[in-house]
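Report on the structure given below.
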Amino acid sequence: MRSFIEVQFPISKLSKESYKERKSNYSQTLTGLGKWWGRKPLILVRATILGLLLPATDDPQRDREIFLKLLMMDEEGLWLRKTKAISLKEIWGRLTIRERQEWFAEEGKLKAQTTKDDREALQKLVFSKLSYDEKLVYCDRPEQMENLSESVWQAINAHLGTSATNLSEFVQQLGIKRFGHIPRVGDAFCGGGSIPFEAARIGCEAYGSDLNPVAALLTWAALNIVGGGEEVAEQVRTAQKSIYEAVDRQITEWGIEHNHLGWRADAYLYCVETVCPECGWKVPLAPSWVIGEKTKCVAKLAPLSHEGRGAGGEGFQILIESNVSEAEMIAAKKSGTVKDSKLCCPHCHQETPMTMIRGDRKSSDKATAYGLRMWENDDLVPRPDDVLQERLYCIRWVETYIDEKGKEKTRRHYRAPDAEDVQREARVLELLIERFRDWQDRGYIPSRKIEGGYNTDQPIRERGWTHWHHLFNPRQLLTLGLFTEFSYTYSNSLVSKVENLLELCRLEDTKGLGCKLLRWNSHPSKEMHATVFSNQALNTLFNYCHRSLKSINSTDEKSALIPYLSDVKTKDARSVNSKCDFWITDPPYADAVNYHELSEFFLAWYDKHIVNLFPDWYNDSKRALAITGKDAHFRESMSECYRNLANNMPDDGMQVVMFTHQDASVWADLALILWASGLRVTAAWCIATETDSALKAGNYVQGTVLLILRKQTSDETAFLDEIYPKVELEVKRQLDEMLRLEDKEEPNFGDTDYQLAAYAAALRVLTQYQNIEDIDIQYELSKTRKKGDLSPIVAIIDNAVKIACDYLVPASFDSFIWKSLTPEERFYLKGLDIESHGEKRSGAYQELARGFGLKDYKFCLETSKANENRLKTATEFANKNLGDLGFGRSLTRTALYAIREVVATEDAQKGKMLLRSEIKDYWNQRKLIIEILKYLGTMEYKIPHWQQDAKAAMLLAGAVDNDNV
């Protein structure tokens, strides 16, 4: 029997729920544990497991209803999840005139006799009028709800023959029906722990492993700290509070964060300083000198007087001023001394590339030779003759005072460091030096060298840092070392020790105690630190910040009691030997994040602790075993992993592979990998899981693909020429099935999902055979690809997408006429269709172009900015691309030009005459011209910037329709 997820999946609703969870930021259940890249939303994991467990019955509509009830994504479930009241203003705007008269005395005021029950009924009435997206604004996430109602469980049990009263019981009963035991779910690339955690939370036995010990630690913490329930949560809270207080007492006793006024520092801002090679002046470096937009605080560079210059030569004093004018704010933004990786000297106004200042040069083998002195282990600050120095330039102080009502209040002051502050910095360095050797030996601060690599070369090349502790200044190292030292005093249990180890790295990354890679955010809503890993790199900065521990709150972890067994190991997926009914994995991609390198930032701090806490684990990132790249080695390694997982699941078991990519060659590689692993594809779905980020450059994919897999049990062989017609039939069958399930009011599938369905259909056909005579799997896996090489599998997949694009005719367009259009015309007209659905991702247009066999389609785009892609309107085309080959000679392009003429002249007859003169076979082509114009006319209410041109298109269609000889 097929599983629910093999037949259908509520794509649209799940995408919206996933996006809501992602946008919750640090209120997400597992995010607070620590940084990991690409954690999958828990709602997606829950839906996937339930989709695997639920059988597909002969009533797909009822199956869908039950599935949505389980996830509380049906109307009743959404209402139960509603925790936020809809405002009277919003209610007024949603009601009809008659309803307003029934409920309101006047706008913004309900009738006096309105009871509490009436208000509830009014809320329910308006809630029912909202779209799914709008409803989610007022709802908690499904995971935040305790249980379904009794009536819902009765409906679920009646449909599936269960007797459950909660989700755990339900999962257990379905597992026993299918496997004879509680279902066991495994993830051999467990990363941040989403999959094992959610599997365990809803009642499965969970297994998680990862090659990387940082990932394993996060997963263990998810299962045992967050999953340990309120008792464990209180235990770790108490221990952590004691550590924070102990560190604060010690720092206060040392007097390194208080000034003579009794103010306490809560933020320190540092910058790099270097000598301008053109004039010899010492220049502080920063891309902008704005410190706070809300407080209108800026740093100003003022040349030092002759008395203040000393032996170091000419330089600048940094003045800190608050409440400056708008003109001074603008000047501070523009007066940065580093722009486009060049020193911009404020004295001689000359620009010098930072590569020249560092002394980088090309060696004989064309590799870059680093020019900076390489730091040694004992270097805690730059040496006096180093090219790049570091300088404290601003402190934010917190003054505590009693107001006129006798209440304790605080206010903040930005100040430039004075002589006493410089002495306190020196004292910090002394205290650190006293403890440095002992703390490194004990593992309280890192002692590891930085191993060079794609990401880890950057701090070595750009700063000369060779050890991980070089990424921290003395004040940061001293505070973090103290925290670790006191952790051993106040942490008695394993969960407390692990939690405080994770807290140490949260302090470095997200909580602001920081390192030299931590940006200061001057934004008006939050003058504070950002995060170290704002993107997937170890970016060295010219100015950075440090927050005092006193200004940071200890972590209050979420809690959820996990009912069943779970197991976490540090293990290569190729050597996993645990049996699981379902394997759900999010493996490294062909253009993967370098987890093995980036995680070493944290692993340097876990180094000596992780093996003490978990004797069976290791403390190495295992770079040599990490699956990276996209060559033959990557394909063969991945195939080994999935062959091993297939061997460790029963014949009726299933796998789900989650990945994010829209390149046919990567799909082809994945097909090879899974095929060679003894797996076959049964379905594929695409969920929008990624949020937008201003720090991500270029065009990026926002969706996660779920490939549903079973063991290959067939011994059939096929020939390549048999595959193509079977793929065509499978593509059409898949599309028809999706169209039957479509909901016009709340679409289940986006345009890219239909394109994705073609990929999945091709993979289903390919992987159902043990062998295809014309394809040597092992040869294709190990083959070194040259640019332009087209494997037979890529050709099959490309053909599948073409079939899908030809098959999916835009609504309101005659399918017979559609087939007579050129590929360029179909791309443009179908592109408008997907644009009208709100699609702006470049990947969607790339897939569409690939489906129609187009190599170039940029001439149709008005903008190709990331997530802002859209096609030109008729007016925007103007007279470009007319008469050229391809699109320029097409009926659609001529029709667009005629529409532009109607808009310019406000005369449909002139547009008609243009069509007559430009189209040689005008009378025979008239029906097709009218169809194109009417279709373009439908854009008036679909795409806002098409309104004027669409109206002109409808006028012109009428003129052509009424034309006669």
Side-chain angles (χ1 to χ4, degrees), residues 26-42 45 143 185-187 189-201 206-241 243 483-484 487-488 490-511 533 554-571 586 595 599 601-619 621:
Y26 290 108
S27 72
Q28 293 178 73
T29 304
L30 300 184
T31 302
L33 284 171
K35 178 68 181 178
W36 194 258
W37 299 264
R39 270 192 184 97
K40 291 296 176 272
L42 296 174
V45 179
E143 62 170 311
V185 176
D187 180 4
F189 302 96
C190 62
S194 293
I195 293 167
F197 172 80
E198 191 61 19
R201 181 163 64 166
Y207 170 85
S209 65
D210 203 292
L211 183 67
N212 194 301
V214 176
L217 190 68
L218 288 167
T219 301
W220 188 94
L223 290 162
N224 294 278
I225 298 177
V226 177
E230 187 52 37
E231 185 179 341
V232 168
E234 181 56 34
Q235 181 183 328
V236 298
R237 275 195 292 267
T238 301
Q240 199 169 101
K241 185 172 181 289
I243 297 165
F483 186 93
T484 312
S487 292
Y488 277 86
Y490 293 100
S491 301
N492 298 317
S493 65
L494 178 60
V495 287
S496 291
K497 289 174 181 176
V498 171
E499 168 63 15
N500 291 318
L501 201 55
L502 293 172
E503 179 72 354
L504 181 72
C505 288
R506 291 193 291 262
L507 287 169
E508 298 161 14
D509 177 26
T510 57
K511 301 189 79 170
F533 289 103
S554 58
T555 298
D556 187 5
E557 297 288 11
K558 313 288 188 302
S559 64
L561 192 60
I562 285 178
Y564 295 113
L565 296 172
S566 58
D567 187 18
V568 181
K569 294 180 179 178
T570 50
K571 211 168 188 66
D586 179 14
Y595 301 102
S599 63
F601 174 88
F602 302 116
L603 196 54
W605 289 87
Y606 298 158
D607 187 9
K608 296 178 181 175
H609 311 288
I610 204 164
V611 288
N612 289 332
L613 298 173
F614 300 98
D616 294 335
W617 292 13
Y618 48 77
N619 59 359
S621 66

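Heavy atoms only: backbone and side chains are in, while hydrogens, waters and symmetry mates are out.
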4.5 Å side-chain heavy-atom contact, [X] and [Y]:
| X | Y | value |
| --- | --- | --- |
| Phe601 | Lys35 | no |
| Leu613 | Leu501 | yes |
| Trp36 | Ser599 | yes |
| Asn212 | Phe189 | no |
| Leu42 | Thr29 | yes |

From [atom1] ([X]) to [atom2] ([Y]), nearest 0.5 Å:
| X | Y | atom1 | atom2 | answer |
| --- | --- | --- | --- | --- |
| Tyr207 | Ile195 | OH | CD1 | 13.5 Å |
| Ile243 | Thr238 | CD1 | OG1 | 11.0 Å |
| Leu494 | Asn612 | CG | CG | 11.5 Å |
| Arg237 | Glu230 | CZ | CD | 4.5 Å |
| Ser194 | Arg39 | OG | CZ | 6.0 Å |

For [X] and [Y], work out which heavy atoms get closest and say how close.
| X | Y | value |
| --- | --- | --- |
| Leu603 | Pro213 | CD1-CG, 3.8 Å |
| Asp586 | Lys40 | OD2-NZ, 3.0 Å |
| Val498 | Ala221 | CG1-CB, 4.3 Å |
| Asp210 | Gly191 | OD2-N, 3.0 Å |
| Thr219 | Cys190 | OG1-SG, 3.2 Å |

Q: State yes or no: are the ring centers of Phe533 and Phe602 separated by less than 6.0 Å?
A: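 Yes, the ring of Phe533 comes within the 6.0 Å limit of the ring of Phe602, centre to centre.
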Under the side-chain hydrogen bond (donor to acceptor under 3.5 Å, both in side chains) test, which residues partner [X], sequence neighbours left out?
| X | answer |
| --- | --- |
| Ser491 | Asn500 |
| Tyr488 | His609 |
| Lys241 | Glu245 |
| Lys511 | Glu503, Thr555 |

Q: Could I get the full list of ring-ring contact (aromatic ring centres under 6.0 Å, His included) partners for Tyr606, not counting sequence neighbours?
A: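 Once residues adjacent in sequence are excluded, Tyr606 has no partner under the ring-ring contact (aromatic ring centres under 6.0 Å, His included) criterion.
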Q | ring-ring contact (aromatic ring centres under 6.0 Å, His included) partners for Phe614, two or more places apart | A |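 ring-ring contact (aromatic ring centres under 6.0 Å, His included) list for Phe614, sorted by chain: Trp220, Trp617.
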Q | Pairs involving residues 189-199, ordered by first then second residue, that meet salt bridge (Lys or Arg N to Asp or Glu O under 4.0 Å) (sequence neighbours left out) | A |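 Only Arg46-Glu198, Glu198-Arg201 qualify under salt bridge (Lys or Arg N to Asp or Glu O under 4.0 Å).
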**Q.** Lys569: salt bridge (Lys or Arg N to Asp or Glu O under 4.0 Å) partners, not counting sequence neighbours
**A.**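 Expected list: Asp567.
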Q. Can you name the residues that form a salt bridge (Lys or Arg N to Asp or Glu O under 4.0 Å) with Asp509, not counting sequence neighbours?
A.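 For Asp509 there are no salt bridge (Lys or Arg N to Asp or Glu O under 4.0 Å) partners, ignoring immediate neighbours.
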Q. Any donor and acceptor pair, going by atom type alone, linking the side chain of Asn619 with main-chain N or O of Asp607 inside 3.5 Å?
A.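 Flag set: sc Asn619 to bb Asp607 pair under 3.5 Å.
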Q.
Using a 3.5 Å distance criterion without hydrogens, assess whether the side chain of Asp187 forms a donor-acceptor pair with backbone atoms of Pro196.
A.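 Side chain of Asp187 to backbone of Pro196: no pair is present.
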Q: Could you list the residues that satisfy side-chain contact (heavy atoms from CB on, under 4.5 Å) with Ser493, not counting sequence neighbours?
A: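 Scan of Ser493 (side-chain contact (heavy atoms from CB on, under 4.5 Å), adjacent residues dropped) gives Gln235, Val495, Ser496.
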Q | Partners passing side-chain contact (heavy atoms from CB on, under 4.5 Å) against Ala222 (at least two apart in sequence or in another chain) | A |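 Per chain and number, Ala222 pairs via side-chain contact (heavy atoms from CB on, under 4.5 Å) with Leu30, Leu33, Phe197.
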